[in-house]
Amino acid sequence: MPLSDTEIWAELTTGRLVIDPPPTAERVGSSSIDLLLHSDILVLRPSPGVIVDPSKKLEIMRILRRHGDPKDLAIGPYPFERGEFVIARTLERVRLPNHLAARIEGKSSLARLGLSVHQTAPTVLAGFEGTLTLEMHNIGPFGVMLSAGMPIAQLIIEHLGLPATKGYQGQFQAQG
Amino acid sequence: MSLPQLALKQPVWFSPPVDLCLPFERSEAGPFGEELAVEIHLGRSNVSAFVPRSAVDADKSCVRCQAVGQTDQDVYVAFPPTSLGGTTGTFNRADIDAYLPA
């Protein structure tokens with residue numbers, strides 16, 4: 001069951017749920033938290049004929065380097081053309097305790113322009129810590145301007161019936 | 001007629017996880033620079049993982065990770081998460097045994 005704003009604030013103020021930098025009051029909705037866009041994005045060029053084997057991670061890195069254009073939105077906004085695909089991340093680091101999981105979802109105002117922020121992978125596992133990666137696709141009829149720090153997604157926090165026991169949280173979580 | 005139940009067996013999860021540094025043979029840098037992919041071959045176990053550059057011990061040519069659980073045959077190793085996701089690798093216990101504390 002998603003947490004209400006009352007429960008979100010309770011988790012934030014006790015430090016069990018960490019969002020860094022912390023959300024301002026207007027970013028916490030009735031049952032979600034708005035997250036902002038980080039300045040680093042990777043624009044992936046359409047590459048017909050290039051086939052990726054998901055099991056070969058070294059090859060994936062090579063292909064991403066060869067077919068991706070890193071952009072720094074701190075220098076200026078990026079016109080996200082229709083049909084383009086971008087890997088991005090949230091400005092905020094999120095830390096979930098073992099009794100909370102979350103889903104990252106798009107914002108309705110951007111969705112109506114045809115912009116999606118994830119490709120069927122919205123789940124944030126209990127115990128996760130790090131920035132959230134966005135797989136953004138513009139399937140709308142127009143280009144959409146992307147700017148550093150713009151509200152880009154919303155996080156819905158959910159309470160687990162019992163805390164997770166799987167060893168997900170380790171000392172390396174903070175490096176993600 | 002009822003179907004026989006599969007004997008589902010939960011792994012034993014380590015609490016806390018066990019720190020490891022596993023040798024890797026090859027690596028490939030990612031587009032953001034602070035992340036790379038590594039390939040680890042231990043005996044018959046072959047695992048590739050995305051890792052942050054900070055997890056690599058360049059002096060020892062090994063990558064820091066954590067054993068998080070095990071079954072009778074396998075040991076599960078979690079690598080530090082990256083923007084391309086977190087990797088959990090499965091190693092045969094005989095292959096990784098030498099890297100686990102006694």
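Atom set for the values below is all heavy atoms of this structure, side chains included, hydrogens, waters and symmetry mates excluded.
- Interface remark: B/S27 contributes backbone atoms only to the contact with chain A (heavy atom separation under 4.5 Å).
- Interface remark: A/R89 contributes side-chain atoms only to the contact with chain B (heavy atom separation under 4.5 Å).
- Side-chain contact check for B/V38 versus A/L58: every heavy-atom pair is 4.5 Å or farther apart.
- Using a 4.0 Å cut-off between charged nitrogen and carboxylate oxygen, A/R65 and B/E28 count as a salt-bridge pair.
- Residue B/T87 comes nearest to A/K57 through the heavy atom pair OG1-CE, 3.8 Å, listed as atom of the first residue, atom of the second, then distance.
- A single hydrophobic cluster is not seen to contain both A/L36 and A/V117; linkage of ILVMFWY side chains at heavy-atom distances under 4.5 Å, directly or through other members, places them apart.
- Counting non-hydrogen atoms of neighbouring residues, nucleotides and ligands closer than 6.0 angstrom, the NZ atom of A/K107 exceeds 12 such neighbours.
- There is no contact between A/L44 and chain B, counting heavy-atom distances below 4.5 Å.
- No continuous path of ILVMFWY side-chain contacts below 4.5 Å connects A/I156 to A/V124, so the two sit in separate hydrophobic clusters.
- Closest non-hydrogen pair, B/P31 versus A/P70, comes out as O-CG, 4.1 Å.
- Nearest heavy-atom pair, A/S55 versus B/S48, reported as atom, atom and distance to 0.1 Å: O-OG, 3.4 Å.
- Using a 4.5 Å cut-off between heavy atoms, A/L134 makes no contact with chain B at all.
- By the criterion of side-chain heavy atoms lying less than 4.5 angstrom apart, applied directly or through intervening Ile, Leu, Val, Met, Phe, Trp or Tyr residues, A/V18 is not grouped with A/I157; the two fall into different hydrophobic clusters.
- No continuous path of hydrophobic side-chain contacts links A/L91 to A/L132 [ILVMFWY only; heavy atoms under 4.5 Å].
- Note on A/I75: it does not cluster hydrophobically with A/V43, by side-chain heavy-atom contacts below 4.5 Å among ILVMFWY residues.
- Within a 6.0 Å sphere centred on CZ of A/R82, other residues, nucleotides and ligands contribute 12 heavy atoms or fewer.
- With chain B as the partner, the residue from A/E59, A/M61, A/E135, A/R66 showing the most heavy-atom pairs under 4.5 Å is A/M61.
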